Participant: 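Encoded as structure tokens, here's the structure I'll be asking about.
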Amino acid sequence: MAKRGVEEVMVVALEEKGGAMAVVVEEKEQKEQKENEKEEEEAHPYAFHVSGPRNVAKPNWRDLINSSWKDTNYKRSVIACFIQAVYLLELDRQENRTVETALAPKWWMTFKYKLTQTLIDERDGSIFGAVLEWDQSAALADFVLIRPSGAPKAVLVLRGTLLKGPTIRRDIEDDLRFLAWESLKGSVRFKGALEALRTVAERYGSSNVCIAGHSLGAGFALQVGKALAKEGIYVDAHLFNPPSISIAMSLRNIGEKAGFAWKRLKSLLPSSSEPQADCDEEIKDNSLKSWLGNIYGDKASMGLKQWVPHLYVNNSDYICCHYTDPEGKTEENEANKENTSPTNGQVAAKLFVMSKGKQKFLEAHGLEQWWSDDLDLQLAINKSKLISRQLKSLYSLPASQVTKRPR
């Protein structure tokens, strides 16, 4: 009996040991599964180390001596990465990614920035923008004691159209709004972006703030930046593949029958009764202001020539390529001059054009091209029809009446 009792104890012990081993094996399998999932996530085509820039270094102590942000190519690449982060914030939300598996953070953390605000479209709950701010704590960990010269304290970044089920309806609605009314002011996204930009500009000073967007987001960034410029608040603006208005203008000018059809189409699109959405009234109002300004002098407009947005376009992208259409005839030797000192009839903007010959639309309109290693940009077009139309309300006074605004 005693012997049998010992055997039973040994069996129980072995079973317990086997159970413990099973637990260990199970834990090991779970760990391996997590590691495999992590590797799979890291191999995701949108992971920073897979599709991000190759030759753009993260900030280090050398930036204290010679800031990388003073290099226009570096600045353009990093800001484009910030916009990519907003696309991925929405994709992370849609795919229920966790903090550990999220794709977006690497696209700003690499450059020592942190996410401080997400802009949510109240119509569908989607993320359409974000505010990124300089992360001093993360910078100190890499011995970057102060913010490098030229690095903005805060960046408001806005994504473009995302052709995914949860967001496509509202994105396309705003695309059509721009096509129909040449304005995005009736959208809830315009209001949200304007409030966010004004808040960070008041907190950090407009010279330390940047706004940027791609595609539809560039359209919002242009109009939000212009709205603040009219208030005398000038922020750095970087617009990638901004949508042109040439399609709408072409349809509106090809005849009465087409005009009637155009009105019918507009009646099916987002309502013109929304606040500030009617571009025709805005144009009339701007024309009246310009006429009165020329007669009496418009003090509020005298300092507006300081706002100079940066536009990045691709000649193969039919959405933005019309920005390269010249306004009238220009001399060849003026084609590459930078229009930063506008006179009467001119507007201030830096237009960077990339042309690689004939490209497929998705490649020409894509965001990834703007941080690629073989990027060849040219500063072009001294006078652009579309830039003039987009910004003309900021430059309504004759050059003789323009005086510098006191600082």
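Quick caveat: nothing in here was measured; it's all calculated off a predicted structure.
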Participant: Specify the closest pair of heavy atoms between S215 and G160, including all atoms of both residues, with the distance to one decimal.
Facilitator: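 Looking at all heavy atoms of both residues, the shortest contact is CB-CA, 4.2 Å.
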Participant: For A221 versus G213, what's the shortest heavy-atom pair and its separation?
Facilitator: CB-N, 4.1 Å
Participant: Side chain to side chain contact (heavy atoms under 4.5 Å, CB included) for D174 and F220? Distances and angles first, verdict last.
Facilitator: CA-CA 10 Å; D174 281 333; F220 276 109; 3.8 Å; yes
Participant: Say whether, by atom type as modelled, one donor and one acceptor occur between the side chain of E202 and the main chain of L197 under 3.5 angstrom.
Facilitator: no
Participant: Given side chains that start at C-beta, do those of V313 and P242 come closer than 4.5 Å, heavy atoms only?
Facilitator: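 With C-beta onward as the side chain, the pair touches.
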Participant: Can you see which heavy atom on R123 is nearest to which on E173, and at what distance?
Facilitator: NH1-OE2, 3.3 Å
Participant: Is there side-chain contact between L367 and Y87, with heavy atoms separated by less than 4.5 Å?
Facilitator: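 When only atoms from C-beta onward are counted, Y87 and L367 do touch, with a gap below 4.5 Å.
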Participant: Where the side chain of E90 meets the backbone of I127, is there a donor-acceptor pair that is under 3.5 Å apart?
Facilitator: yes
Participant: Is any NZ, NE, NH1 or NH2 atom of the basic residue among R169 and D124 found under 4.0 Å from an Asp or Glu carboxylate oxygen of the other?
Facilitator: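 Judged by the 4.0 Å cut-off on N to carboxylate O distance, R169 and D124 do not form a salt bridge.
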Participant: Main chain of V235, side chain of W307: is a donor-acceptor contact present, judged purely on distance under 3.5 Å?
Facilitator: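 Confirmed, W307 side chain pairs with V235 backbone.
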Participant: How about Y113 and P152: do any of their side-chain heavy atoms sit closer than 4.5 Å?
Facilitator: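 Y113 vs P152: side chains touch.
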Participant: Give me the ring orientation class for Y312 and H238: parallel if the planes are under 30° apart, tilted from 30 to 60°, perpendicular past 60°.
Facilitator: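 Geometry flag for H238 against Y312: parallel rings.
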Participant: Would R198 and E195 pass as an ion pair if we require N to O under 4.0 Å?
Facilitator: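 Between E195 and R198 there is no salt bridge, as every charged N stays at least 4.0 Å from the carboxylate O atoms.
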Participant: Where the side chain of T167 meets the backbone of L162, is there a donor-acceptor pair that is under 3.5 Å apart?
Facilitator: yes
Participant: Can D171 and L163 be said to form a side chain to side chain contact (heavy atoms under 4.5 Å, CB included), step by step?
Facilitator: CA-CA 8 Å; D171 287 356; L163 299 178; over 6 Å; no
Participant: Name the orientation class of the two ring planes belonging to H365 and F361 (parallel below 30°, tilted from 30 to 60°, perpendicular beyond 60°).
Facilitator: parallel
Participant: Run the numbers on I83 and F240 for side chain to side chain contact (heavy atoms under 4.5 Å, CB included), then give the verdict.
Facilitator: CA-CA 9 Å; I83 301 172; F240 299 84; 3.5 Å; yes
Participant: How long is the gap from CZ on R62 to CZ on F143, to the nearest 0.5 Å?
Facilitator: 13.0 Å
Participant: Considering only heavy atoms from C-beta outward, does the side chain of K75 approach that of D236 to under 4.5 Å?
Facilitator: yes
Participant: To the closest 0.5 Å, what do you measure between NZ (K106) and CD (Q84)?
Facilitator: 15.5 Å
Participant: Can you tell if the side chain of H44 reaches within under 4.5 Å of the side chain of V50, non-hydrogen atoms only?
Facilitator: no
Participant: Does OH belonging to Y46 count more than 12 external heavy atoms closer than 6.0 Å?
Facilitator: no
Participant: Can V209 and L156 be said to form a side chain to side chain contact (heavy atoms under 4.5 Å, CB included), step by step?
Facilitator: CA-CA 8 Å; V209 173; L156 172 61; 5.9 Å; no
Participant: Do you know which two heavy atoms are closest between H214 and G366, and how far apart they sit?
Facilitator: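 Heavy atoms of H214 and G366 come nearest at NE2-C, 3.9 Å.
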Participant: Just by distance, do the side chain of T101 and the backbone of T98 share a donor-acceptor pair under 3.5 Å?
Facilitator: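 A pair under 3.5 Å: yes.
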Participant: Say you draw a straight line from CD1 of I79 to NE2 of H310; how long is it, rounded to the nearest 0.5 Å?
Facilitator: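 Between atom CD1 of I79 and atom NE2 of H310 there are 8.5 Å.
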Participant: Can you tell if the side chain of N208 reaches within under 4.5 Å of the side chain of V200, non-hydrogen atoms only?
Facilitator: no
Participant: Please check this pair: side chain of Y74 against backbone of A57, looking for a donor-acceptor N/O pair closer than 3.5 Å.
Facilitator: yes
Participant: I'd like to know if the side chain of T110 and the backbone of W107 have a donor-acceptor N/O pair within less than 3.5 Å.
Facilitator: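 No; judged by distance alone, with no hydrogens or angles, the pair does not exist.
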Participant: Under the side chain to side chain donor-acceptor pair (under 3.5 Å) criterion, do N241 and W370 qualify, and how do the steps go?
Facilitator: CA-CA 10 Å; N241 301 88; W370 300 112; 2.8 Å; yes
Participant: Quick one: closest heavy-atom pair of A364 and N314, and the distance?
Facilitator: O-CB, 3.4 Å
Participant: Could you grab the distance from atom CG of L351 to atom CD1 of I387, nearest 0.5 Å is fine?
Facilitator: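 Separation between the atoms: 4.5 Å.
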Participant: Do side-chain atoms of D92 reach the backbone of L103 as a donor and acceptor pair under 3.5 angstrom?
Facilitator: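 Side chain of D92 to backbone of L103: a pair is present.
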Participant: Is the shortest heavy-atom distance from the side chain of V224 to the side chain of F190 under 4.5 Å?
Facilitator: yes
Participant: I'd like to know if the side chain of E133 and the backbone of T116 have a donor-acceptor N/O pair within less than 3.5 Å.
Facilitator: no
Participant: Using 0.5 Å steps for rounding, measure from the CG atom of L158 to the CG atom of L216.
Facilitator: 9.0 Å
Participant: For K185 and Q223, work out which heavy atoms get closest and say how close.
Facilitator: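 Shortest heavy-atom contact: N-OE1, 4.0 Å.
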Participant: Which class fits the ring pair W69 and F82: parallel under 30°, tilted 30 to 60°, perpendicular over 60°?
Facilitator: tilted
Participant: Find the distance between OG (S51) and CD (E368) and round it off to the nearest 0.5 Å.
Facilitator: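 Reported value, rounded in 0.5 Å steps: 5.5 Å.
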Participant: Is R159 close to L89 at the side-chain level, that is, under 4.5 Å between some pair of heavy atoms?
Facilitator: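 No, too far: nothing below the 4.5 Å cut-off.
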Participant: Side chains of D63 and S68: any donor to acceptor distance under 3.5 Å?
Facilitator: yes
